[in-house]
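Excluded from the calculations below are hydrogen atoms, water molecules and symmetry mates; all remaining heavy atoms, backbone and side chain alike, are included. Chain naming here is simple, since letters A, B, ... match the order of the sequence lines and numbering starts at 1 in each.
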Amino acid sequence: MSVFDVLKKRGFVYQSTDETEIRELLDGERATVYVGYDPTAESLHAGNLVTIMMLAHLQRAGHRPIGLVGGGTALVGDPSGRTEMRKMLTPEQIDSNLAGIRNQLAQFIEFDDSDSGALIVNNADWLTKLNYIEFLRDIGRYFAVNQMIKAKGYAERLEREQGLSFIEFNYQILQAYDYLLLHQKYGCRLQMGGADQWGNIVAGCDLVRRVAGVGAHAITVELITTSTGEKMGKTAAGALWLSPERTPVYDFYQYWRNVDDRDIGRFAKILTFIDLDEIEELGRIEGKSVDEINAAKETLAVAITTLVHGEEAAMKARDSARAMFGGGGDLSNAPTTEIGLERLAGGISVVELLVETGLLPSRKEARRKIDEKGIYLNDGIVTDARRVLTNDDFAAGHAVLRVGKKSRHRLLAV
RNA sequence: GCAGGGGUGGUCGAGUGGUUAAUGGCACCGGGCUGUAAACCCGGCAGGCGACAGCCUUACGUAGGUUCGAAUCCUACCCCCUGCACCA
C-alpha cells in the first residue's frame, strides 16, 4: 500500500494538493518532506505528535524527514490568531529549545547519515541573513497581494476590521520562502502541517513551482479533538507535554488511559504504529465487556507512552496506575514526602499534610475536602478536620494520604 | 495626536453608590451512579482562624480622591480595541 494511503487510512489527511502527484512522489525514490515546529518551548506537546507521526511513517517508507524550527520567525514574534503577540525569543533560548525538540523528534525518527536520515533545521539560519531589497526583488515579486488577502485567515481579519499587522501578513511569505529554500537545498517537495497552515503551505508550493518549476506538495491535518470537543492533549493544567519534566510520565500515561471510549480507535491510528486491522478491533466498543474496553485503553496508553518515553517508563506508569486503581500494590512510584519521626511524635494535622504534600493548594481547601468526604488516610475516610497523624498511622513505616479517587501521596517516616 | 469603546475572580461574561467574596455559563475539584469512560444528579470553587454558629484579611487595570459606605462617582496614569488624523 502506498504510504499516502497509509496516511489517509490513519486519518492524517485533511487537505492535500493533487493526490496522484503526491502518490507518485511518495511511491518513488526517496522524497524529502518537512514539517515546521515552533521553538517557543523546550518541549513539544501532544498536539505535535500528529505531524511527528506523519514524519515517522514517511521515514519508514524510505523518505527523508526534515523538522524545521521556526527560530527566525520567533525572533520577530508572530501574532497569528487573535491573541497577543507571541513572545519574542532570544537566539540563545531558541537554540536551547531547538536542542530539546531535536531530542524529542529523535524518539520517532532517525537522525542518522543514511539516505533517509532526518534533519533538523532552523529558519533563523537563512531568514536573519536576508537582505530586504534582494528579498523583495527575488521573492516578493511572486506574491500578488490581491491573492493573498483572499486567503481565509487574512480575509477574515480584514472583514472583521480586526487589524492585521504587517508582520502577520508577511508570515506567509517567510514560510513560503522556507519551503523554497528547503527545496533548493534538500530537494524538499512535500510540506505537512495543521489545517490552519494550509494557506501558508500552498503559498510555498506556488513559490517553489514558480521559481524552481517543480511541483511541490502539501498535506494538512485537521485539528484533532476529543469526542467531547476538547483539543486533544489539552488538560486542565495546560498542554500535555512530551517532556517528563513538564508532564510526568504517569500523568501522560493517564491522559491516554482515560480517553473517551469513542476516541480509542481514532487516537490509536494517529498516535501509534499498531496495525490497522488490530486497531479496528481495539476501537470497537459495541458488544465489548467493560474489561475489554479498559484493556483497549491500556493498550493505547502503553503504546503512546512507549513511543514518547520508552518502554521501561511506560511499563512503570502502567504498573503504577494498576496499583493505584487496583488497590494496594506497588506504591513505589507514588509521590512521596518524608516525615521526621520526632515531628510525628508530636502529631501532625492531616490538613497541614495535605497542603505540605501539594495534594491541595490551601488549608481551607483541605478542610473543605474533608467536609466533602474526599480525604482518605490509609484508605479510611477522614471525617474530622482536626484529625492528627501519629506513629500509629504508619503501619510499615509509611502512610498514604488520598484526595478523591485519583491522587495519592505516600508519607514515609524517617 | 484626536474621538469613541473597553480593562471584573482560571476563562467567558453580568453588575454600574449600600443585605456582596461580587448573578450566570464553561473549566476545575469532591461526592453519587459507573468502568480510572461518557452522560446525568448533588455539593464546592480568594485566603486565614474556628467551639462549624461564625469571625478576620485581601479582592473588580494602577495610584490617589469624594462618601458613613465604591467594582460602581471624580482625577491622574498604564494597557487593549475601533475610527480619524499624522505618516512619503
Side-chain angles (χ1 to χ4, degrees), chain A residues 79 81-85 87 157-166 168 225-240 248 250-268 282-302 304-305 317-331 333-334 349-352 354-377 379 381-388 401-409:
Chain A
R82 42 230 49 149
T83 37
E84 331 84 75
M85 295 278 284
K87 52 183 179 279
R157 298 292 292 273
L158 290 173
E159 258 167 53
R160 273 195 228 156
E161 300 179 332
Q162 198 164 23
L164 175 65
S165 82
F166 191 60
E168 186 171 358
T225 55
T226 64
S227 292
T228 45
E230 296 283 354
K231 205 166 167 180
M232 182 193 76
K234 187 189 162 233
T235 70
L240 191 69
Y250 177 80
D251 294 342
F252 185 84
Y253 174 89
Q254 280 293 283
Y255 179 85
W256 304 109
R257 172 62 186 75
N258 283 320
V259 296
D260 191 290
D261 289 1
R262 297 164 288 179
D263 292 330
I264 300 173
R266 212 155 46 90
F267 289 0
L282 199 67
R284 217 191 71 233
I285 305 299
E286 311 84 59
K288 270 194 177 166
S289 71
V290 162
D291 286 348
E292 284 171 317
I293 291 171
N294 279 326
K297 288 188 187 178
E298 200 177 84
T299 304
L300 173 75
V302 166
I304 299 173
T305 309
R318 184 197 61 189
D319 292 345
S320 301
R322 280 182 178 170
M324 191 79 94
F325 293 96
D330 175 30
L331 284 163
N333 290 313
S349 88
V350 169
V351 169
E352 193 178 330
L354 285 166
V355 176
E356 191 176 322
T357 54
L359 280 169
L360 292 173
S362 71
R363 301 169 61 86
K364 194 182 176 93
E365 179 71 16
R367 288 204 187 89
R368 195 179 287 138
K369 283 288 167 290
I370 290 174
D371 273 353
E372 292 171 344
K373 305 202 185 336
I375 304 297
Y376 298 80
L377 170 62
D379 288 325
I381 194 161
V382 176
T383 51
D384 188 348
R386 286 165 296 178
R387 176 74 156 86
V388 168
L401 262 183
R402 196 173 110 213
V403 177
K405 295 190 177 82
K406 292 181 185 175
S407 51
R408 281 164 218 235
H409 199 99

Return the [atom1] to [atom2] distance between [X] and [Y], rounded to the nearest 0.5 Å.
X         : Y         : atom1 : atom2 : result
Leu401(A) : Leu377(A) : CG    : CG    : 5.5 Å
Glu356(A) : Arg363(A) : CD    : CZ    : 10.5 Å
Glu230(A) : Thr235(A) : CD    : OG1   : 10.0 Å

Looking at [Y], is its backbone amide N or carbonyl O close enough to the side chain of [X] to form a donor-acceptor pair, meaning the two atoms are under 3.5 Å apart?
X         : Y         : value
Tyr255(A) : Gly233(A) : yes
Lys297(A) : Ile264(A) : no
Glu365(A) : Ser362(A) : no
Thr357(A) : Leu354(A) : yes
Arg318(A) : Ser320(A) : no

Close N or O pairs between protein and nucleotides 50-54 of chain B (under 3.5 Å):
unit_1	atom_1	unit_2	atom_2	d
G50(B)	OP2	Arg367(A)	NH2	2.7

Taking [M] as the reference, what is the distance to [N] when you measure between their [atom1] atoms (whole Å, please)?
N      : M      : atom1 : result
U75(B) : A21(B) : P     : 29 Å
C40(B) : G47(B) : P     : 27 Å
A71(B) : A63(B) : P     : 13 Å
U67(B) : C12(B) : P     : 36 Å
C80(B) : C29(B) : P     : 35 Å
A88(B) : C79(B) : C1'   : 30 Å
A38(B) : A46(B) : C1'   : 33 Å
A14(B) : G25(B) : C1'   : 11 Å

For [X] and [Y], which heavy atoms make the closest approach, and how far apart are they?
X         : Y         : result
Val382(A) : Tyr376(A) : CG2-C, 4.1 Å
Tyr253(A) : Ala321(A) : CE2-CB, 3.7 Å
Arg408(A) : Lys405(A) : NH2-O, 3.8 Å

TODO: Using a 4.0 Å heavy-atom cut-off, write out nucleotides 34-40 of chain B from 5' to 3' as B (base contacted by protein), S (sugar-phosphate only) or - (no contact).
DONE: BBBBSS-
Between the protein and nucleotides 26-29 of chain B, which nitrogen or oxygen pairs come in under 3.5 angstrom?
unit_1	atom_1	unit_2	atom_2	d
C29(B)	O2'	Lys369(A)	NZ	3.2

Task: For Lys288(A), all residues meeting side chain to side chain donor-acceptor pair (under 3.5 Å), sequence neighbours excluded - done: none
Open item on the list: Please enumerate all residues that pass salt bridge (Lys or Arg N to Asp or Glu O under 4.0 Å) together with Asp291(A), with sequence neighbours excluded.
Closed with: none
TODO: State whether Arg387(A) and Asp384(A) are salt-bridged, where the test is any N-O pair (Lys NZ or Arg NE/NH1/NH2 against Asp/Glu carboxylate O) under 4.0 Å.
DONE: no
- [ ] Please work out whether U20(B) sits syn or anti, treating a glycosidic angle within 90° of 0 as syn.
- [x] syn
Open item on the list: Between Lys364(A) and Ser407(A), which residue's closest nucleotide on RNA chain B lies nearer the 5′ terminus?
Closed with: Ser407(A)
- [ ] Could you summarise the pairing of RNA chain B as dot-bracket text, marking Watson-Crick and G-U pairs under 3.5 Å with ( ) or [ ] inside the strand and | across strands?
- [x] ((((((((.[[[..)..(.....]]].(((((.......))))).((((....))))...[[[[[..)....]]]]])))))))....
- [ ] Could you check how far CD1 of Ile381(A) sits from C1' of G31(B), rounded to whole Å?
- [x] 9 Å
